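Remember, it's a predicted structure, so these values are computed and weren't measured experimentally. In what follows, every chain begins at residue 1, and chains take the letters A, B, ... in the order their sequences are listed.
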Number of protein chains: 2
Amino acid sequence: MSEYIEPIERLADMFRRLEGVGKKSALRMAFSVLDMSEESAREFAEAVIAAKTQIKLCSVCQNISVNDVCDLCSSHKRDKSVICVVEDSRAVMAIEKSAIYNGLYHVLHGAISPMHGVGPDKLKIKELLTRLNSEEVSEIIVATNPTVEGEATAMYISKLITPLGIKVSRIANGVPVGGDLEYADEVTLRRAIEGRRTI
Amino acid sequence: MSEYIEPIERLADMFRRLEGVGKKSALRMAFSVLDMSEESAREFAEAVIAAKTQIKLCSVCQNISVNDVCDLCSSHKRDKSVICVVEDSRAVMAIEKSAIYNGLYHVLHGAISPMHGVGPDKLKIKELLTRLNSEEVSEIIVATNPTVEGEATAMYISKLITPLGIKVSRIANGVPVGGDLEYADEVTLRRAIEGRRTI
């Protein structure tokens with residue numbers, strides 16, 4: 001016999017396709033499905049299909065949305081003169097949670113990575129330029145991830161947009177609040193010191 | 001607006017119902033589904049339903065199976081005189097992987113835990129006794145987990161079966177192979193020393 005019976009093996013394979021799920025976790029999850037009621041398993045299956053079929057990209061900011069224009073873009077309470085550029089929808093959620101920002105967003109769906117064959121044309125940069133033509137924007141805050149790819153993307157966007165007379169800023173690097181200096185890497189510490197402010 | 005759009009929220013809630021999945025992981029997995037092709041999402045949904053509907057319990061050993069009697073119980077190559085009693089199907093898989101054991105199994109589907117209202121009647125112990133009446137069994141190896149509940153279950157089974165003239169044994173406690181003594185807890189170390197063998 002094979003190691004596991006076929007339906008479990010198949011389901012575990014599916015879980016493994018999800019980001020960050022290893023072999024053991026996938027198997028544990030597959031067994032969890034067996035412990036569910038048949039009703040719950042059906043709900044689960046439907047939620048997978050629904051997420052995939054009901055969600056599209058907002059025609060303005062390219063964030064995921066159930067409507068053609070997302071709630072953030074169609075809100076009258078947001079400051080439409082600032083656009084925060086992020087790599088993915090999760091970054092939008094993270095910033096929204098912090099409740100510090102009241103402008104709009106633009107989701108690139110990735111970052112420039114020549115290593116992985118991702119050039120600027122694969123990102124939603126064209127859509128961002130279109131917005132800048134039609135909307136009155138005074139500042140672009142580039143909040144791509146603090147990685148090599150995210151920095152490269154930030155540089156690219158800055159070079160593209162600064163000539164249009166729009167201010168382009170980048171979120172600060174530094175030690176995370178609640179973190180321990182001992183565990184901060186050298187590059188982060190250097191940035192934290194370079195970016196020091198008078199108190 | 002709510003923090004996340006509804007279909008993502010709903011799917012993440014489903015992932016959270018799985019064992020060992022926290023809020024952040026559930027959300028990451030839900031976003032992974034969005035990255036899948038529609039074809040893959042459908043396959044995923046079908047695998048959930050299939051696992052739940054096709055898998056039943058083997059009428060002999062109570063392990064999960066696609067047939068009425070599982071492959072292990074119906075195999076002619078297994079030693080039918082020994083039954084290894086385990087808490088769940090994952091334990092069967094783990095022991096099978098070790099390839100050290102050639103007998104049959106019996107899956108209890110839990111362990112005695114008065115704290116959680118799990119008495120012996122909630123486990124597949126009655127089914128084990130039925131097997132002992134109809135099969136020629138010479139030894140029961142109790143391989144429940146090395147936890148308070150697992151030990152209590154092992155004691156219960158031993159008291160129940162030893163009077164029937166069947167040998168009941170318990171798997172050994174000790175330091176795991178490849179582990180470091182420094183990280184072994186006191187109880188494990190004590191058991192490892194008590195269970196020492198001449199070499």
Side-chain angles (χ1 to χ4, degrees), chain A residues 1-15 17-21 24-55 63-67 70-72 74-75 88-90 92-93 96-97 109, chain B residues 1-15 17-21 24-25 27-55 57 63-67 70-72 74-75 88-90 92-93 96-97 109:
Chain A
M1 69 178 278
S2 90
E3 207 174 316
Y4 301 98
I5 56 177
E6 198 271 341
I8 278 286
E9 193 105 37
R10 185 150 70 96
L11 183 55
D13 278 350
M14 288 294 163
F15 279 118
R17 292 196 197 171
L18 304 174
E19 197 192 320
V21 177
K24 285 214 167 177
S25 306
L27 210 53
R28 198 186 53 221
M29 289 176 203
F31 276 106
S32 285
V33 170
L34 289 192
D35 292 338
M36 282 182 180
S37 67
E38 204 165 315
E39 173 71 19
S40 295
R42 253 171 232 293
E43 269 179 60
F44 191 164
E46 281 160 19
V48 169
I49 301 283
K52 192 61 206 170
T53 54
Q54 294 173 8
I55 294 177
N63 191 6
I64 55 167
S65 169
V66 280
N67 304 315
C70 76
D71 291 352
L72 285 165
S74 52
S75 166
D88 52 40
S89 299
R90 274 167 285 184
V92 174
M93 313 298 181
E96 279 302 286
K97 241 167 144 176
H109 291 275
Chain B
M1 68 180 279
S2 90
E3 206 173 315
Y4 302 98
I5 56 177
E6 197 271 339
I8 278 286
E9 193 105 35
R10 186 149 69 97
L11 183 54
D13 278 350
M14 288 294 163
F15 279 118
R17 292 195 198 173
L18 304 174
E19 196 192 320
V21 177
K24 285 212 166 178
S25 306
L27 211 53
R28 199 186 54 221
M29 289 178 202
F31 276 107
S32 284
V33 171
L34 290 192
D35 292 338
M36 282 183 180
S37 67
E38 204 165 316
E39 172 72 18
S40 295
R42 253 171 232 291
E43 269 180 61
F44 191 167
E46 281 160 20
V48 169
I49 302 283
K52 192 60 207 170
T53 53
Q54 294 173 8
I55 294 176
L57 300 186
N63 192 8
I64 55 167
S65 169
V66 280
N67 304 313
C70 76
D71 291 353
L72 284 166
S74 52
S75 166
D88 52 40
S89 299
R90 274 167 284 184
V92 174
M93 314 297 182
E96 279 302 286
K97 242 169 145 175
H109 291 276

Apply side-chain contact (heavy atoms from CB on, under 4.5 Å) to the pair B/M29 and A/V21, showing each step before the final yes or no.
-> CA-CA 8 Å; B/M29 289 178 202; A/V21 177; 3.7 Å; yes

Verdict with supporting geometry, B/T53 and A/R42, side-chain contact (heavy atoms from CB on, under 4.5 Å) = CA-CA 10 Å; B/T53 53; A/R42 253 171 232 293; 3.9 Å; yes

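Only the backbone of B/S65 has a heavy atom closer than 4.5 Å to any heavy atom of chain A. Contact of A/S75 with chain B is not made at all, since no heavy-atom distance falls under 4.5 Å. Contacts between A/L27 and chain B at a heavy-atom distance below 4.5 Å are absent for every atom of the residue. With a threshold of 4.5 angstrom between heavy atoms, A/E38 approaches chain B through its backbone and through its side chain. For chain A, the nearby part of B/Q54 is the side chain; its heavy atoms alone come within less than 4.5 Å.
Most heavy-atom pairs under 4.5 Å with chain B, from the set A/V33, A/I55, A/D13: that is A/I55.
Counting heavy atoms from C-beta outward, A/I8 and B/I64 have side chains that approach closer than 4.5 Å.
Heavy atoms only, all atoms of each residue included: A/V66 and B/I5 are closest at N-CD1, 4.2 Å. Here the closest non-hydrogen pair linking A/P7 and B/A51 is CB-CA, 3.9 Å. For the residue pair A/K52 and B/L34, the shortest heavy atom distance occurs at NZ-O, 2.6 Å. Across all non-hydrogen atoms, the minimal contact from A/A41 to B/I49 is O-CD1, 4.1 Å. Heavy-atom minimum distance, B/R10 versus A/A50: NH2-CB, 3.3 Å.
Atoms CG and CZ, from B/L18 and A/F44 in turn, are 5.0 Å apart once rounded to the nearest 0.5 Å. Summarising the geometry, atom CZ belonging to A/R17 is positioned 13.5 Å from atom CG belonging to B/D35; distances are rounded to the nearest 0.5 Å. The line from CE of B/M36 to CE of A/M14 is 7.0 Å long, rounded to the nearest 0.5 Å.
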